[in-house]
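Here the structure is laid out as structure tokens; the discussion comes afterwards.
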Amino acid sequence: MGAHWAVKEEGLGVASFAIIGAGISGLACGNALAAAGHQVALFDKGRGPGGRMSTRRIDTPLGQAFFDHGAQFFTERDPDFQKAISALEAQGAVGLWRGQFVRVDGQGQQHSQGDEPRYVGTPGMNGIVRGLAVGLNPAWAMRVSALSGQKGAWQLHFETGETLGPFDQIICAVPAEQVSDLLAAHTPAIAQQAKAINSLPCWTGLFAFETPLALDWDMARFEAHRVLDVISASVNKPGRTGPATYVVQGRADWSIAHLEEGADEIATTLFQALAEVCGPLPTPLVQSAHRWRYARVETSHGPGHLYDGDQGIGACGDWLSGPRVESAWLSGHHLGRHLSA
Ligand SMILES: Cc1cc2nc3c(=O)[nH]c(=O)nc-3n(C[C@H](O)[C@H](O)[C@H](O)COP(=O)(O)OP(=O)(O)OC[C@H]3O[C@@H](n4cnc5c(N)ncnc54)[C@H](O)[C@@H]3O)c2cc1C
């Protein structure tokens with residue numbers, strides 16, 4: 001790993017920023033800062049790009065199966081976000097998902113969920129995050145465990161035992177529940193706001209079959225099922241290859257009630273729920289479950305982003321803006337623009 005972030009160039013108004021978390025909000029912030037000429041170093045504990053927009057690969061006898069096991073699609077309403085997404089679309093990192101999206105009510109009746117364009121990363125959801133990371137070169141598998149120092153001379157301490165710095169300023173772009181451990185000693189006001197946020201968990205089932213299931217929709221949201229929140233036929237998203245994959249998200253209240261159960265038991269329950277809705281199922285090539293402990297913020301009336309100018313510490317992410325891909329991007333983008341102004 002190069003030490004480019006440790007070298008501060010002497011230039012008028014050029015600052016070095018360390019960004020903790022290379023999900024979509026951290027990358028949006030990094031891109032805005034880099035566009036203004038600042039030096040940016042990103043660190044993420046994950047082994048690769050994605051955060052809650054990850055794509056997971058699982059080997060099967062018929063080749064690798066790809067699962068978007070976090071966000072399923074996103075919409076775009078803000079002109080700045082539309083511009084960023086159009087650029088990624090031109091690079092082949094984003095595609096329009098022309099599917100049938102339905103809501104299923106308590107009587108089992110289907111209702112169309114509107115025709116607002118829905119986008120996905122290609123060839124997997126993490127394609128967007130990968131696209132946004134180009135030029136920023138985040139360092140993966142680098143979990144920040146603590147900070148020390150002060151504005152103009154911050155050091156980052158990693159779980160690996162390494163220390164890197166100095167950095168002028170720090171941006172914390174991680175979920176709320178992980179903010180306060182990092183920032184409480186340095187900027188209590190930001191840490192306290194993060195502590196007030198509650199995120200809901202989501203048990204997610206990952207299933208792959210040799211051939212696609214016969215369904216008359218691509219994604220269904222269930223209003224009154226005891227287990228199910230969403231079934232997504234991810235096989236039908238643009239640019240997907242490999243076995244036919246389905247992602248099944250459990251309801252938040254059901255996920256809370258079963259949070260500490262084993263993944264195998266959860267996968268079995270979600271498979272049974274899938275069969276209840278779709279009819280008898282063939283033997284799956286993949287039957288697995290992933291627990292998102294902090295999937296979506298329950299409420300977010302946040303200011304969009306936070307910045308403590310005395311300490312040179314900023315915070316961005318969906319916990320400050322709303323539980324959507326676009327909101328997370330806007331949070332990071334606006335913080336980066338604010339600091340570049
Ligand atoms: C199951 C699920 C379904 C969803 N469905 C949708 C949907 O359909 N549409 C939609 O718009 N949104 C959806 N969302 C929400 C959307 O995914 C998030 O709002 C968005 O991805 C949040 O981005 P972020 O950058 O704020 O956080 P994250 O993506 O969580 O990024 C934070 C990053 O910080 C890293 N990190 C954390 N702690 C540390 C540390 N100490 N050191 C270094 N790195 C660290 C993590 O590895 C992660 O990469 C869904 C989310 C989930 C979980």
Side-chain angles (χ1 to χ4, degrees), residues 18-30 41-54 56 67-77 81 97 101 113 116 118-121 125-126 128-129 132-133 138-147 156-160 170-183 194 197 199-206 219 221 229-230 232 234 237 247-252 255 289-297 300 302 304-305 315-333 335:
I19 302 183
I20 308 170
I24 195 161
S25 65
L27 290 165
C29 186
L42 284 114
F43 303 96
D44 198 291
K45 70 181 167 85
R47 277 178 298 164
R52 277 172 283 161
M53 298 173 72
S54 295
R56 183 152 155 208
F67 298 91
D68 295 336
H69 66 320
Q72 291 306 304
F73 68 80
F74 62 92
T75 49
E76 43 162 53
R77 296 164 196 171
F81 185 57
W97 188 11
F101 299 86
Q113 278 222 292
E116 184 175 12
R118 289 153 168 100
Y119 294 87
V120 297
M125 196 56 151
N126 69 355
I128 307 166
V129 184
L132 291 173
W140 305 112
M142 295 284 279
R143 181 196 283 266
V144 178
S145 48
L147 324 179
L156 290 188
H157 306 281
F158 295 87
E159 212 175 44
T160 54
I170 300 289
I171 307 296
C172 200
V174 305
E177 283 75 4
Q178 284 142 22
V179 169
S180 72
D181 285 351
L182 288 170
L183 299 190
I197 299 288
S199 300
L200 298 170
C202 177
W203 265 117
T204 300
L206 310 176
M219 184 163 155
R221 188 172 292 281
D229 181 20
V230 164
S232 171
S234 34
K237 293 180 182 180
V247 172
V248 179
Q249 295 171 348
R251 286 168 62 111
S255 297
H290 176 86
R291 179 179 56 194
W292 292 100
R293 206 176 265 282
Y294 307 116
R296 287 188 187 239
V297 282
S300 166
H305 58 261
C316 59
D318 64 349
W319 64 277
L320 286 159
S321 54
R324 296 172 54 237
V325 166
E326 179 177 27
S327 314
W329 185 89
L330 285 170
S331 171
H333 179 70
L335 177 61

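Quick note: numbers below take in every heavy atom, side chains included, and nothing from hydrogens, waters or symmetry partners. Just so you know, ligand 1 is whichever comes first in the structure, and atom 1 is the first atom listed for that ligand.
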TODO: Sequence neighbours left out, what passes side chain to side chain contact (heavy atoms under 4.5 Å, CB included) with E159? Give chain and number order.
DONE: R143
Task: Residue pair E326 / T75, side-chain donor-acceptor N/O under 3.5 Å - done: no
- [ ] Apply side chain to side chain contact (heavy atoms under 4.5 Å, CB included) to S331 and list each qualifying residue two or more places apart in sequence or on a separate chain.
- [x] H305, C316, L320, S321
Open item on the list: A252: which residues meet the side chain to side chain contact (heavy atoms under 4.5 Å, CB included) condition with it, sequence neighbours left out?
Closed with: L200
Could you check ligand 1 for N or O atoms lying under 3.5 Å from protein N or O atoms and list the pairs with distances?
| from | atom 1 | to | atom 2 | distance (Å) |
| --- | --- | --- | --- | --- |
| ligand 1 | 5 (N) | R296 | NH2 | 2.8 |
| ligand 1 | 8 (O) | Q72 | N | 3.3 |
| ligand 1 | 8 (O) | F73 | O | 3.4 |
| ligand 1 | 9 (N) | F73 | O | 2.7 |
| ligand 1 | 11 (O) | V325 | N | 2.8 |
| ligand 1 | 17 (O) | R52 | O | 3.4 |
| ligand 1 | 19 (O) | D318 | OD2 | 2.7 |
| ligand 1 | 25 (O) | I24 | N | 3.3 |
| ligand 1 | 25 (O) | S25 | N | 3.0 |
| ligand 1 | 25 (O) | S25 | OG | 2.8 |
| ligand 1 | 26 (O) | S25 | OG | 3.4 |
| ligand 1 | 26 (O) | D318 | N | 3.1 |
| ligand 1 | 27 (O) | R52 | NH2 | 3.0 |
| ligand 1 | 29 (O) | R52 | N | 2.9 |
| ligand 1 | 30 (O) | R52 | NE | 2.8 |
| ligand 1 | 30 (O) | R52 | NH2 | 3.2 |
| ligand 1 | 38 (N) | Q178 | OE1 | 3.4 |
| ligand 1 | 41 (N) | V144 | O | 3.1 |
| ligand 1 | 42 (N) | V144 | N | 3.0 |
| ligand 1 | 44 (N) | K45 | N | 3.0 |
| ligand 1 | 47 (O) | D44 | OD1 | 2.7 |
| ligand 1 | 49 (O) | D44 | OD1 | 3.3 |
| ligand 1 | 49 (O) | D44 | OD2 | 2.7 |

- [ ] Mark yes or no: R118 above the aromatic ring of F73, with NZ or CZ under 6.0 Å from the six-membered ring centre and no more than 45 degrees from the axis.
- [x] yes
- [ ] Compute the centroid of each ring, for F43 and then for F158, and state whether the two points are separated by less than 6.0 Å.
- [x] yes
